[in-house]
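Numbering starts at 1 and runs along the sequence shown.
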Amino acid sequence: MVVMTSPITSFSGGMYRFSRIGIANRCVKLAFRRFNSTLDSLTSTSALLANIFPTCRSCGIRLQTMDKTKPGYYLNDADREINKKPYVKHEDVVFNDKYSQLPVEDRILLMNKNFLFTKTLGENATRKHIAAYYRNTTDVLRNHILEENTKNKIVEPESLECIRCRDASYRSDFKKLDTKEFPVMSLDSIVSQIPRNEKIVYVVSAQDFPISLDPKIFQHRLSSELFFIINKSDLLFKSNEHNIKYGLTFFQDYLNVKHGIPRENVIMVSGKTNWNIDKVLNFINTDGTCYLMGCTNSGKSTVMTSLLFTIELERKQKLEKLLANKEQRYVEKLQEKTIRANVVLTSRKKKEIKKFEEHFKAHSGPGISYIPGFTRSFMKIDLPDNKVMYDVPGFVNSKDLPYFYNLLKDPKSMKNISKGSNIQERGMFYSKYISVSGGQCLSMGGLFYLNVPTSSMVQVRNCINNDMHVFKSFNKALDVSLNYDSMPSFKDKFVIEYDKNTIKDLQRFIIPPFYGSIDLVISNLGHINLVATGAKATNEPFILYLPKGLEAKIRQPISQYLAKTFSGRDKNGNPLTKENISKKSTFAFKRYSGKTPFSSKLITCANDKELLLTLEDLSSDKASKGANPDQVLLDYKRIREFAGSQTSKPINYDASTVLNEENKYDYWVE
């Protein structure tokens, strides 16, 4: 007689004994084999499989502990205990050390910023008052608060990060940006992995618009099916009121007229300041799943994190009402209800919310970085009301973007530049500008080189968060770029680290002819505003040099769509000459109509010898001789071919061409 200690199952006439643990293990292995190929793609996983295979909180990649050289490697709890090298900021170490030495009552007072249990007792509250208040909070009420705190709470993934993300977040260590650790993808490859019937929410950066809007998206979805979030609106305005009044109007006009997007499918937000983030849930208005996509540095992850913070903040504010009556009675015993006390309470509340926001955004939601390819997988976020949103890896328009980031002297410098500058301060007609004369070269730490044509002058307003410098010539600019280490005044000014080989990879572009004012937009950086002044003695074009990986466009000055600007007419409606506009013009709010091009691509110049000839002059210590006549004629020809590619009518451009209000857009190609 055989005694069985576990259930018996018969397969093909045989008897097999299985324990419950064994059955569970076999189920897990079967699930792994069945779904392994799916997990290797960027598509989403079920909640069960997500628990079986942990993913990185910051980039979404599946984590592994087997091979340090492969993506997704992380230190588990046992490894951290052995290595004894936790990733903690120095400021946190100092704070924790000082905090641990404080008495309990002082800790309560110091940490009274805790959002859920904050008791705003006023400026006269002492440590005894605070301790007494906590003693008066009954256990029943405490338990009720904790119960409500866990109810309907957003389910967040376990806060695990791969080594790559932790190095990037805490050490600004990006090593070499290769496609292994920082994979870059195209829009086509991203959209192909999104189910056809699911909603796409496209995040567009206002910082480098319209470069951040890739028209290829309209090859994959109908205009009526797409939703657009215009992010980084805090760089365009100083208040959300103006953001809604002017900014939203412009972007709704542009996307509706240019691409047929319904006006209600466009919203303006700021992930940094949380402007209109509370409206995002109602904006997407979906019962199922939506995908948050956009180019690198558009701020998708920032918007996602701000959305999670807004939801959590609203939930906590509701919980606070549970204590409102009891807290009010106690506060009245401790202080008089004066105007000054109310001001103190309001100030404390703002500080509490700010501190909670900083902590929440640092430890919740997807990781945030300006580096392309930081997000490596579709990251699922469960939202209230059974809504699901995926943070999608950012795509790039140029496969050479990692090349550009590898040229950076210090990754932190690019982080500061990517923050941008406010247009209302630095990009309006009243903002500070510098003048650049013909033959001079304008550069910004090696990020670009703008050559101004002979006998010309231009005013430049800088809306990029980095300093500009005017060199007497292109030769001098290149010479300093290669030898700034030996020049103390330039040593800290350069962002890009060129050598004799990488500087030869600079790409030459012709800026299409323009009249009046334009914005020169550079991807991920922002823009500079150019205003041509004085009489032109030549039609030589402006020449722009960019490192591989960066893109640029010109556009109409966006400032004229963001506030009331000069109408060009006096109070009687009569047109004014250029000299009298600033003195006698009335102000008007300009609306985008689509009758003229808003932006234009630059003219690519492949195999041009100007750069090589300039570098040869450097090596032989020759002085610059100015523009090469043959090169100028070739540039004229390229302008004619570029403008003629979009029209059947003949296009002429040479030294005798006169630009004016009527023909200033004839040479632009969107």
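- Ring geometry for F598 versus F209: interplanar angle of 30 to 60°, hence tilted.
- Note: F587 CZ to T565 OG1 = 8.0 Å, rounded to the nearest 0.5 Å.
- K387 contributes a side-chain N or O that, together with a main-chain N or O of L281, makes up a donor-acceptor pair within less than 3.5 Å.
- Remark: L520 CG to C463 SG distance equals 11.5 Å, nearest 0.5 Å.
- Counting heavy atoms from C-beta outward, V280 and T310 have side chains that stay 4.5 Å or more apart.
- Looking only at side-chain heavy atoms (C-beta outward), V495 and L408 come within less than 4.5 Å of each other.
- Scanning all heavy atoms of the two residues, the minimum distance from I211 to V521 falls at CD1-O, 3.6 Å.
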R461 vs S431, side-chain hydrogen bond (donor to acceptor under 3.5 Å, both in side chains): CA-CA, chis, key distance, verdict
CA-CA 7 Å; R461 292 173 174 83; S431 302; 5.2 Å; no
Begin from the C-alpha positions of E425 and K238 and carry the test side chain to side chain contact (heavy atoms under 4.5 Å, CB included) through to its verdict.
CA-CA 9 Å; E425 296 178 353; K238 291 185 176 181; 3.3 Å; yes
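- None of N243, N276, D234 except one satisfies the side-chain hydrogen bond (donor to acceptor under 3.5 Å, both in side chains) rule with S270; the exception is D234.
- Between the side chain of T55 and the main chain of R62, no donor-acceptor pair closer than 3.5 Å is present.
- If you check the side chains of D391 and S301, you find a donor sitting under 3.5 Å from an acceptor.
- The aromatic rings of F395 and Y202 lie perpendicular to each other, with more than 60° between the two planes, well past the 30° mark.
- With hydrogens and angles left out, the side-chain atoms of Q560 and S517 include no donor and acceptor closer than 3.5 Å.
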Would K232 and Q207 count as a side-chain hydrogen bond (donor to acceptor under 3.5 Å, both in side chains) if you check the C-alpha gap in whole Å, the side-chain angles of each, and the deciding distance to 0.1 Å?
CA-CA 7 Å; K232 302 187 181 182; Q207 183 178 12; 3.2 Å; yes
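- Annotation: the span from I554 atom CD1 to I518 atom CD1 amounts to 4.5 Å, rounded to 0.5 Å.
- S192 places a side-chain N or O within donor-acceptor distance of the main-chain N or O of S189, the cut-off being under 3.5 Å.
- A salt bridge links R263 with D253: the closest approach of a Lys/Arg side-chain nitrogen to an acidic carboxylate oxygen falls below 4.0 angstrom.
- Remark: the backbone N or O of D519 is not paired with any side-chain donor or acceptor of R555 at under 3.5 angstrom.
- Distance CD/Q556 to OG1/T596: 4.5 Å, rounded to 0.5 Å.
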